[in-house]
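Below, read A as the first sequence line, B as the second, and so on, with proteins coming before strands; counting in each chain starts at 1. Please read these numbers as outputs of a predicted model, since none were measured by experiment.
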Amino acid sequence: MQYNHQEIEENWQKFWAENQTFKAENNSEKPKYYVLDMFPYPSGAGLHVGHPLGYIASDIYARYKRHKGFNVLHPQGYDSFGLPAEQYAIQTGQHPAKTTEANITTYRKQLDKIGFSFDWSREVSTSNPEYYKWTQWIFIQLFNSWYNKDTDKAEDIATLEKIFKKEGNATINAVSDEDIKTFSADEWKAFSKTEKEEILLQYRLTFLSDTEVNWCPALGTVLANDEIVNGVSERGSHPVVRKKMTQWSMRISAYAQRLLDGLEKIDWPQPLKDSQTNWIGRSQGAMVSFDVANGTEKTSSEVKLSYKELEALKELRQNLSKAETVLWDELKNKKGAAKFRKKYTIGTFLVDYVCLAKNLIVEFSGKEDEAERTAFFNNESFNVVRFKNEEVIENVLKVVAAINTAIQFPKKIEKTVEKKVVAKDENKYKIDVFTTRPDTIYGVSFMTLAPEHELVSKITTDAQKADVANYIKATAKRSERDRMADVKTISGAFTGAYAIHPFSGEKVQIWIGDYVLANYGTGAVMAVPCGDQRDYDFAKHFNIPIPNIFEGVDISEEAHTGKDGTKIANSDFLSGLKYKKALKLAIFEMEKRGFGYGKINYRLRDAVFSRQRYWGEPFPVYYKDGMPQMIDAEHLPIVLPEVEKYLPTEDGKPPLGNATVWAWDSRGKKVVANDKLKNKTVYPLELNTMPGWAGSSWYFNRYMDATNATEFASKESLEYWKEVDLYIGGSEHATGHLLYARFWQKFLFDKGIVPVDEFAKKLINQGMILGTSAFVYKATAFVQNGCSIDKSNDDVLEKIPTIFVSKNLFSSDDEFETVVKNYLLDNKLLNPNFADLVMITKTAIHADVSLVNSSDELDVDGFKNHALNADYKNAEFVLEDGAYKVGREVEKMSKSKYNVVNPDDIVVEYGADALRLFEMFLGPLEQAKPWKTSGISGVSSFLKKLWKLYFNEEVFEVSDAAPTKEELKVLHKTIKKVEEDIENFSFNTSVSTFMIAVNELTALKCNKKAILEPLLVLLSPYAPHISEELWSKLGNKGSISTAGFPVFEAKHLIESAKNYPISFNGKMRFTLELPLDLSKEEIEKVVMENEKTIAQLEGNTPKKVIIVPGKIINIVI
RNA sequence: GCUCAAGUGGCGGAAUUGGUAGACGCGCUGGAUUCAAAAUCCAGUUUUUUCGGAAGUGCGGGUUCGAUUCCCGCCUUGAGUACCA
């Protein structure tokens, strides 16, 4: 009987749908497993063969887990809000909801044909109000939360108000806007409602603010940083400019550190983690304040240690007493935050041990100046504990325990002297800078401010005013893109002002320069030209001194940017120290003297959350007295209003400004017509919509309880499914979706809504499938330059048709020309007299890949008649061996390259099972690989061969006879390999394994049920339709999908002999079959007596014979 | 520039606690079957060779009895990111 894939596949797809075979249970005895594909956007173009790759892999895994006895959740849905549908709506006037629905239908049809085991009862679409109701709900939760740094989590805004009421905001340790005014409890109580709301907005996790945004005029919307690639929009490549607008933002920066830390506990690809790490951009350094000089120079009164004293100190560290060594060995082994240093200077005192993080000093008692020391240390906020030598030597663990107690329960320090507070001079300006190299602070010879820096106008001297103004004018003209593209030009201007170096007290020039970015850090840098290339170039260009603070380093040509191994010099108390120590000491001193402190900076910016678009989630927000108000959750969803057109309004408002029914009736609790706005209790609604990533940042939780109408998802279902166990998708979401989704998950976790703070345990990036484009080579004739143009030339060209030359007829442009000319002459299309006048050039043109067969031969007639090749209807083809061969090149699969392959066509011709197998067979899942349809014949004939095993000519026939040893060996070898492969996500190799198994069973003429039945279960995750069909033909009732995975038994693989490779100096020369139970000595004897060995030795005596039983024999000559 | 990943036949790729390089498939060559084609089946297919062999996993070194696999340096390709202080 013939294997009829079309009929079989259609039947089983129907069976699965009717029986809801893959419906997951929220209550099950079985262990759970959650397999998820990244949310697809249903585009109008439909799927090409590259899209299902990840879906097939996850489907195989999901099916495998079902065989292994798991309750598998494997859902699918659509991220259906987005720009393309809206752009299409603008062009055609069709409602995006309609086109989106049509696209979803196409997608669903295509997906169904591939035989995925999705639980469609849980399907969600982000544009469905039943879904985005909960997206709006989460937004409200974010609005009603603030980030408490003390508890390191998000809390309800009510707890913040409570503190304000009690003690004002001075003690609050929150993530908030910068420049928040300090107020007392009384002041808070006196604020008006609007004032209070304004203040709270500065703390909320989603907040309205005037921010510089990336405005894309062509798309009429703002874009997030991750939606911009190389300075242009990711979608459509339109230019982007910076613009100040009032926008909703998400305080993702509050989670920067936790997003970083969380990466360590999830099994995600390293490159993906790297790019998130990169995007978050943590840099450790210091904030330093430089005073702007106003005549008087400050001198430092601090006592410091000289270089010599520091050297002596180092010496001391090497030579510890016995008690000191014993205690140090214990202290340094202590894990965690409480890290100790030995022989450290605090002020002018040398202390035995200090834990800077916990402000604890540990000393041996008996020092002369103990009282004085204690007073000084306490004044510097250190606790001191002392031990006797004997105590340490007798019981070091007891001492360590006492130290631990001191760390955990620090004594309250009573300061004898109040810390000096640096008095702020009335008209004294300060420049704050962030630096990652506080160790190089003595190398500062100037400062650079961004031209936009607010101090520029205040500090510029009259003499320099003109220069500075000109420079600012010039840079303002340069667009962001120009500035980014042109990093070579060095430009800047001197302000005439000076800053005071906080350590040395020296005056340093203050410059402005556009290499300093206003929106990074503080918009100012302390320039260390000897240690930073940009500072170096700037200094060279403007003849600013470049002091060298590195020991033995030549900086005459370029800055010294390395940090390891170099000692600091000419730096007072830092001299002689290496990077790490100098860094810490510098920060320590800054903190002590009060002009700087250690700080961690993140590159991660708060995420702009407003889009000036129609096709997105509406905000559940209305405005009362200009302040945003949340609509109560019970009135959700706020449904997207109808609009007449999808463009911005004439006065530049977002498209929702066109809606006529878009006002909030705060009494009736419903959306009403805009004309009711005259009414006192009716307020305008928000006109922006949410960005594309809103709906996709939490959908994985919705699948757990997708139809819940009263909750985001029930507690029980969230508790049962917890997180995604396996998440498969493309790497393009690294810094967008995957970062935002982790952020929301952490927030929802803080609020006790979800039970885990990372939503996906394991993630795999599938590689892209590339297209194999086909090229034809067109000859264009023209008359050589330098000849007078006359009519005879036109005649010459007129007779020449378009000519295509087969790929292998030429290897260079010259050869190409010769081939074409010969063809023209042979066919009398060119007068030999004019042959030298005519020149031929070659152009490669994409040919539709569907016109090319597996041998790279073009269907010439098909090409001529192709709709897109109307110009070439009468073209002539120069053939090789009777065929036209095309050139091949691997490119991204795209319509414009005519290399798109539609999975539907493959399914019709070869079947879904063949498609699934072939996509996996192409290569490792994570790798990019080219698609070549011709290769599919391999898996197609494999399926036919498999089918044949179960048939005797036309009759289905399997035998109940006991399988032979050989047959069992084939089966168990296959079980072992396939199981290992699936566990390792190495799907390509298991397809090979199936082929080998079928080849071997065919050779053995095996038709035993005991072999062929378990084989189907192994294959069923990969090729479910044929497996179901044969499974039912074997007499099984119901679906194969939950049949137990065959159990591997090692006993079937035990061999008695091994075909040993015999190597000489590591090179394999021949093999020798030997029983496995031979001892090393016996093996050596047999091998050495072998005549081939003797021939190889050529009379030499082997130096050594290496025998690894069961593996290899190597003879060293 | 920085970070990461990858370089193996004509092509996709296989082989790692270091142990027979090129499994499996495509393509190609020859043969069988056929009036013929498709389909199917069989044999061969890294290079080189004096047919004994010899060389060979981007290049150059190293470790080892033995290296595609480990180490050092370099080259190439791809991806991400970038005046980030």
Side-chain angles (χ1 to χ4, degrees), chain A residues 229-230 269-279 281 283 285 433-437 440 447-448 450 483-490 513-517 519-528 531-535 537-538 561 601-603 731-732 734-735 765 767-768 772 854-856 888 890 917-918 921-924 926-942 944-945 948 986 988-996 999 1058-1071 1095-1096 1102-1108 1110-1117:
Chain A
V229 179
N230 297 329
Q270 198 54 44
L272 197 161
K273 287 189 186 179
D274 289 345
S275 68
Q276 289 210 347
T277 306
N278 212 316
W279 192 262
S283 53
V433 297
F434 177 73
T435 174
T436 53
R437 297 291 305 273
T440 63
M447 309 200 59
T448 316
R483 263 170 85 165
M484 266 165 62
D486 174 25
V487 295
K488 290 268 158 60
T489 314
I490 298 161
D514 69 0
Y515 78 98
V516 177
L517 303 177
N519 53 1
Y520 182 75
T522 61
V525 299
M526 59 172 229
V528 183
D532 182 288
Q533 196 56 45
R534 286 157 308 156
D535 295 343
D537 295 340
F538 195 87
T561 51
N601 237 18
Y602 299 93
R603 194 169 70 98
S731 54
E732 67 274 19
T735 50
N765 284 134
M768 211 193 313
T772 311
S854 60
S855 307
D856 293 348
R888 290 291 202 174
V890 173
L917 284 168
F918 186 53
F921 187 64
L922 282 177
E926 305 88 339
Q927 248 168 56
K929 54 238 157 198
W931 175 277
K932 233 179 141 182
T933 304
S934 56
I936 203 169
S937 63
V939 291
S940 175
S941 59
F942 155 74
K944 285 180 203 159
K945 260 188 192 167
K948 272 196 195 160
S986 172
N988 54 326
T989 47
S990 34
V991 180
S992 303
T993 306
F994 289 130
M995 290 176 173
I996 294 167
N999 288 348
K1058 157 92 189 167
N1059 198 19
Y1060 277 98
I1062 315 293
S1063 307
F1064 293 81
N1065 290 336
K1067 294 256 174 241
M1068 203 281 286
R1069 290 307 175 222
F1070 60 91
T1071 59
Q1096 279 290 334
K1103 280 189 195 142
K1104 208 172 171 188
V1105 180
I1106 288 124
I1107 294 165
V1108 186
K1111 288 236 154 137
I1112 195 172
I1113 294 155
N1114 188 21
I1115 297 165
V1116 187
I1117 306 169

May I have the distance from [X] (atom [atom1]) to [N] (atom [atom2]), rounded to whole angstrom?
X: Lys273(A); N: A79(B); atom1: NZ; atom2: C1'; value: 19 Å
X: Arg603(A); N: C84(B); atom1: CZ; atom2: P; value: 10 Å
X: Gln927(A); N: A79(B); atom1: CD; atom2: C1'; value: 13 Å
X: Phe434(A); N: A85(B); atom1: CZ; atom2: P; value: 8 Å
X: Asp535(A); N: C84(B); atom1: CG; atom2: P; value: 10 Å
X: Leu272(A); N: U3(B); atom1: CG; atom2: C1'; value: 14 Å

Determine which nucleotide pairs with [N], using a 3.5 Å limit on both distances of a Watson-Crick or G-U wobble pair.
N: G27(B); value: U45(B)
N: C2(B); value: G80(B)
N: A37(B); value: none

[N] OP1/OP2 closer than 4.0 Å to side-chain N/O of [X]:
X: Asn999(A); N: A23(B); answer: no
X: Arg534(A); N: C84(B); answer: yes
X: Asn278(A); N: C2(B); answer: no

Out of [options], which nucleotide sits closest to the side chain of [X]?
X: Trp279(A); options: U81(B), A85(B), A23(B); value: U81(B)
X: Pro924(A); options: A23(B), A14(B), G27(B); value: A14(B)
X: Ile1112(A); options: G13(B), G19(B), C26(B); value: G19(B)
X: Asp274(A); options: G19(B), U3(B), A85(B); value: U3(B)
X: Val516(A); options: A23(B), A85(B), G80(B); value: A85(B)
X: Leu517(A); options: C4(B), A85(B), U40(B); value: A85(B)
X: Thr989(A); options: A14(B), A21(B), U81(B); value: A14(B)
X: Asp514(A); options: U81(B), C83(B), A23(B); value: C83(B)

Check whether any side-chain N or O of Arg603(A) sits under 3.5 Å from a backbone N or O of Asn278(A) as a donor-acceptor pair, and report yes or no. yes

The contact string for nucleotides 42-71 of chain B, one letter per nucleotide 5' to 3', using protein heavy atoms under 4.0 Å with B, S and - for base, sugar-phosphate only and none, comes out as ------------SSS--------BS-----

The residue, Gln270(A) or Asp532(A), whose nearest nucleotide of RNA chain B is more 5′ is Gln270(A)

Let me know, please, whether Arg437(A) or Leu922(A) comes out on the 5' side of the other along RNA chain B by nearest nucleotide. Leu922(A)

